[in-house]
Asks: 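Input: one structure, supplied below.
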Amino acid sequence: MSEIYTKVLIVGSGPAGYSAAIYAARANLEPILVAGLEPGGQLMITTDVENYPGFADVIQGPWLMEQMRLQAEHVGAKLIHGQIVEVDFSKRPFLCRSDDGQVYKAESVIICTGAQAKWLGIDSEMKFRGFGVSGCATCDGFFFRGKEVAVVGGGNTAVEEALYMTNHASKVTLIHRRDKLRAEKILQDRLFKNPKINVVWNHVVEEVLGKTDPLGVTGVRLKDTVSGKVQDLLIDGLFIAIGHVPNTKIFKGKIDLDHEGYIIGSPLTSETSVKGVFAAGDVRDKVYRQAVTAAGMGCMGALDAASFLQDEGAT
């Protein structure tokens, strides 16, 4: 199998990857995008999207990703189904190998592999994901106005999600498997002072309860980690906030990552620790994690890559 040369290789899809492809193609850089294991990213499992600018009506996550993909192809980006499994950033052109053995030689690389929410790992959770079970309160909280919801977790993310949901929900229950939180003290103080929030200590979610027509969450079955006693909690929505995992395994030792595995880079650019390698979207953003911010960072990645290539005389 012969090597494929490109000025810009985009690793991963989703809002960041597709936006990078659109901007790189419009700069006549003829980018190649290798879509990854889950083409379209997290939005492919998101049903209603109401906060992406430009749409007055609710749109569907998979539809939005399909439109971005078509736009990228329309302006000249080459999209390839596959997954990059190995990279060599020690010298340019960079070498990246996909799961089918194809080797790409790239003058620049834009990493858009995203991050995945950690899930509980129970079957019922998967059944209702997108239908009452969510991994992002700021994404989906609006749909639970005036309803009762629960948040699972005990760290900063869980407490922040619970506090955020008080802007929408009538009642928020925080479910934690231990008897104390890991979140910062200032966040805990805000949580305990909020009259809308109730904390259920020493409990884990054993099952998500719901109806099938229409599909939706009606409650959760909780198990006491001390006594083993089981009880049901009636809720309309469940938010899993036990952390995220950036998809950076293949980049370990190749570029600088923080202790959580997120790519370290300049706060004002998409640059990484390796000159000519850029990163965009949730793979480096642990704060906002929104489709619109990922898309913006994808644009930054393409523009930064274009400037880099021009400076290197590779355009």
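What you see is a predicted model, and the numbers here were worked out from it, not measured in a lab.
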Asks: Only counting residues at least two apart or in another chain, list the ones meeting salt bridge (Lys or Arg N to Asp or Glu O under 4.0 Å) with Glu38.
Replies: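 So Glu38 forms no salt bridge (Lys or Arg N to Asp or Glu O under 4.0 Å) with any residue.
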Asks: Would you say CZ of Phe55 has more than 12 non-hydrogen atoms from neighbouring residues, nucleotides or ligands within 6.0 angstrom?
Replies: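 Above 12, so yes.
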Asks: Assess whether salt bridge (Lys or Arg N to Asp or Glu O under 4.0 Å) is satisfied between Arg221 and Glu206, documenting all intermediate values.
Replies: CA-CA 6 Å; Arg221 183 153 295 154; Glu206 282 220 317; over 6 Å; no
Asks: Can you list the residues that meet the side-chain hydrogen bond (donor to acceptor under 3.5 Å, both in side chains) rule with Ser270, with sequence neighbours excluded?
Replies: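 If we apply the side-chain hydrogen bond (donor to acceptor under 3.5 Å, both in side chains) test to Ser270, skipping adjacent residues, the hits are Asp304.
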Asks: Backbone N or O of Lys147 within a donor-acceptor pair of the Ser170 side chain at under 3.5 Å?
Replies: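 Yes; at least one donor-acceptor contact below 3.5 Å.
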Asks: Would you confirm whether Gln188, through its side chain, and Ala183, through its main-chain N or O, come within 3.5 Å as a donor-acceptor pair?
Replies: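 Yes; at least one donor-acceptor contact below 3.5 Å.
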Asks: Which atom pair, heavy atoms only, marks the closest approach of Val149 to Ala169?
Replies: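 In terms of heavy atoms, the two residues are closest at CG2-CB, 3.9 Å.
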Asks: Work out which heavy atom in Ile175 is nearest to a heavy atom in Leu233; give both atom names and the distance.
Replies: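 Heavy-atom minimum between the residues: CD1-CD2, 4.3 Å.
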Asks: Is there a donor-acceptor pair under 3.5 Å between the side chain of Thr6 and the backbone N or O of Ala106?
Replies: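 Not confirmed, Thr6 side chain does not pair with Ala106 backbone.
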Asks: Is there a path of hydrophobic side-chain contacts, each under 4.5 Å between heavy atoms, that joins Phe308 and Ile10?
Replies: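 Cluster IDs for Phe308 and Ile10 match.
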Asks: Would you compute the distance between atom CG of Leu33 and atom CG of Leu9 and round it to the nearest 0.5 angstrom?
Replies: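 One gets 8.0 Å once the value is rounded to the nearest 0.5 Å.
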Asks: What pairs of residues pass the ring pair (Phe, Tyr, Trp, His ring centres under 6.0 Å) test when at least one of them lies in residues 77-113, not counting sequence neighbours?
Replies: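 Residue pairs passing ring pair (Phe, Tyr, Trp, His ring centres under 6.0 Å), neighbours aside: Phe89-Phe94.
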Asks: When you measure from the side chain of Ser108 to the backbone of Ala305, do you find a donor-acceptor pair of N or O atoms at a distance under 3.5 Å?
Replies: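 A pair under 3.5 Å: no.
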Asks: Kindly say whether Ala72 contributes a backbone atom to a donor-acceptor pair with the side chain of His74 at under 3.5 angstrom?
Replies: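 Checking the backbone N and O of Ala72 against the side chain of His74, no donor-acceptor pair under 3.5 Å is found.
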Asks: If we only count heavy atoms from C-beta on, is the Val172 to Asn198 side-chain gap below 4.5 Å?
Replies: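 Contact flag for Val172/Asn198 side chains = no.
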Asks: Between the side chain of Arg26 and the main-chain N/O of Tyr23, is any donor-acceptor distance below 3.5 Å?
Replies: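 No: the side chain of Arg26 does not pair with the backbone of Tyr23.
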Asks: Quick check: does any side chain N or O of Ser227 sit under 3.5 Å from a backbone N or O of Asp224, one acting as donor and the other as acceptor?
Replies: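 Here the side-chain-to-backbone pair does not exist.
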Asks: Between the side chains of Thr138 and Gln290, does any donor sit under 3.5 Å from an acceptor?
Replies: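 Yes.
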Asks: So, does Glu160 use its side chain to make a donor-acceptor pair with the main chain of Leu187 at under 3.5 Å?
Replies: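 Absent.
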Asks: Could you go step by step and tell me if Leu234 and Thr218 meet the side chain to side chain contact (heavy atoms under 4.5 Å, CB included) rule?
Replies: CA-CA 6 Å; Leu234 298 180; Thr218 59; 5.6 Å; no
Asks: Spell out, as yes or no, whether a donor-acceptor pair under 3.5 Å connects the side chain of Thr166 to the backbone of Leu163.
Replies: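 Judged by distance alone, yes, a pair lies under 3.5 Å.
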Asks: Is the cationic atom of Arg145 (NZ for Lys, CZ for Arg) positioned less than 6.0 Å from the six-membered ring centroid of Phe142 and within 45 degrees of its normal?
Replies: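 Yes, cation above the ring, under 6.0 Å and within 45°.
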Asks: What I'd like to find out is whether the side chain of Pro246 reaches to under 4.5 Å of the side chain of Ile263, using heavy atoms alone.
Replies: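 Answer no - side chains too far apart.
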Asks: Please check if any side-chain donor atom of Asn247 sits under 3.5 Å from a side-chain acceptor atom of Thr113, or the reverse.
Replies: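 The answer is no; no qualifying pair exists.
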Asks: My understanding is that only residues two or more places apart in sequence, or in another chain, count here; which of them pass disulfide (SG to SG under 2.5 Å) with Cys299?
Replies: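 With sequence neighbours excluded, Cys299 shows a disulfide (SG to SG under 2.5 Å) to no residue whatsoever.
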Asks: Considering non-hydrogen atoms only, spot the tightest contact between Met297 and Ala280 and give its length.
Replies: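 Looking at all heavy atoms of both residues, the closest pair is O-CB, 3.3 Å.
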Asks: So which pairs with a foot in residues 87-98 pass side chain to side chain donor-acceptor pair (under 3.5 Å), sequence neighbours left out?
Replies: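 Pairs touching residues 87-98 that pass the test: Glu86-Arg97, Asp88-Ser90, Arg92-Glu107, Arg92-Glu312, Ser98-Asp100.
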Asks: Using a cut-off of 6.0 Å, state whether more than 12 heavy atoms not belonging to Lys254 lie near its atom NZ.
Replies: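 Yes, the 6.0 Å shell around NZ holds more than 12 heavy atoms from other groups.
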Asks: Out of curiosity, does Ile84 fall in the hydrophobic cluster containing Tyr5 (side-chain heavy atoms, cut-off under 4.5 Å, transitive links)?
Replies: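 No, Tyr5 does not connect to Ile84 through the hydrophobic network.
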Asks: To the nearest 0.5 Å, what is the distance between CG on Asp123 and CE on Met126?
Replies: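 Here the interatomic distance stands at 8.5 Å.
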Asks: Are Arg129 and Trp119 in a cation-pi setup, meaning NZ or CZ lies under 6.0 angstrom from the ring centre and within 45 degrees of the ring axis?
Replies: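 Here Arg129 passes the 6.0 Å and 45° test against Trp119.
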Asks: Check the surroundings of atom NZ in Lys78: do more than 12 heavy atoms from other residues, nucleotides or ligands lie under 6.0 Å from it?
Replies: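 12 or below, so no.
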Asks: For Cys96 versus Val109, what's the shortest heavy-atom pair and its separation?
Replies: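 Shortest heavy-atom contact: SG-CG2, 4.2 Å.
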Asks: Measure from the side-chain N and O atoms of Thr173 to the backbone N and O of Ala150, and report whether any donor-acceptor pair falls under 3.5 Å.
Replies: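 Between the backbone of Ala150 and the side chain of Thr173 there is no qualifying donor-acceptor contact (under 3.5 Å).
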Asks: Would you say Phe143 and Ile235 are hydrophobically clustered, going by side-chain heavy atoms of ILVMFWY under 4.5 Å?
Replies: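 Different clusters: Phe143 never reaches Ile235 through Ile, Leu, Val, Met, Phe, Trp or Tyr contacts under 4.5 Å.
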Asks: Name all pairs fulfilling the salt bridge (Lys or Arg N to Asp or Glu O under 4.0 Å) condition that reach into residues 276-290, sequence neighbours left out, sorted by first residue then second.
Replies: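 Passing the test, one end in residues 276-290: Asp258-Lys286, Glu260-Lys286.
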Asks: Restricting to non-hydrogen atoms, name the atom on Ile242 and the atom on Val152 that form the minimum distance, rounded to 0.1 Å.
Replies: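 Nearest heavy atoms, Ile242 then Val152: CG2-O, 3.8 Å.
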Asks: Crowded around Glu50 CD? As in, over 12 foreign heavy atoms under 6.0 Å?
Replies: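 Check passes, neighbour count above 12.
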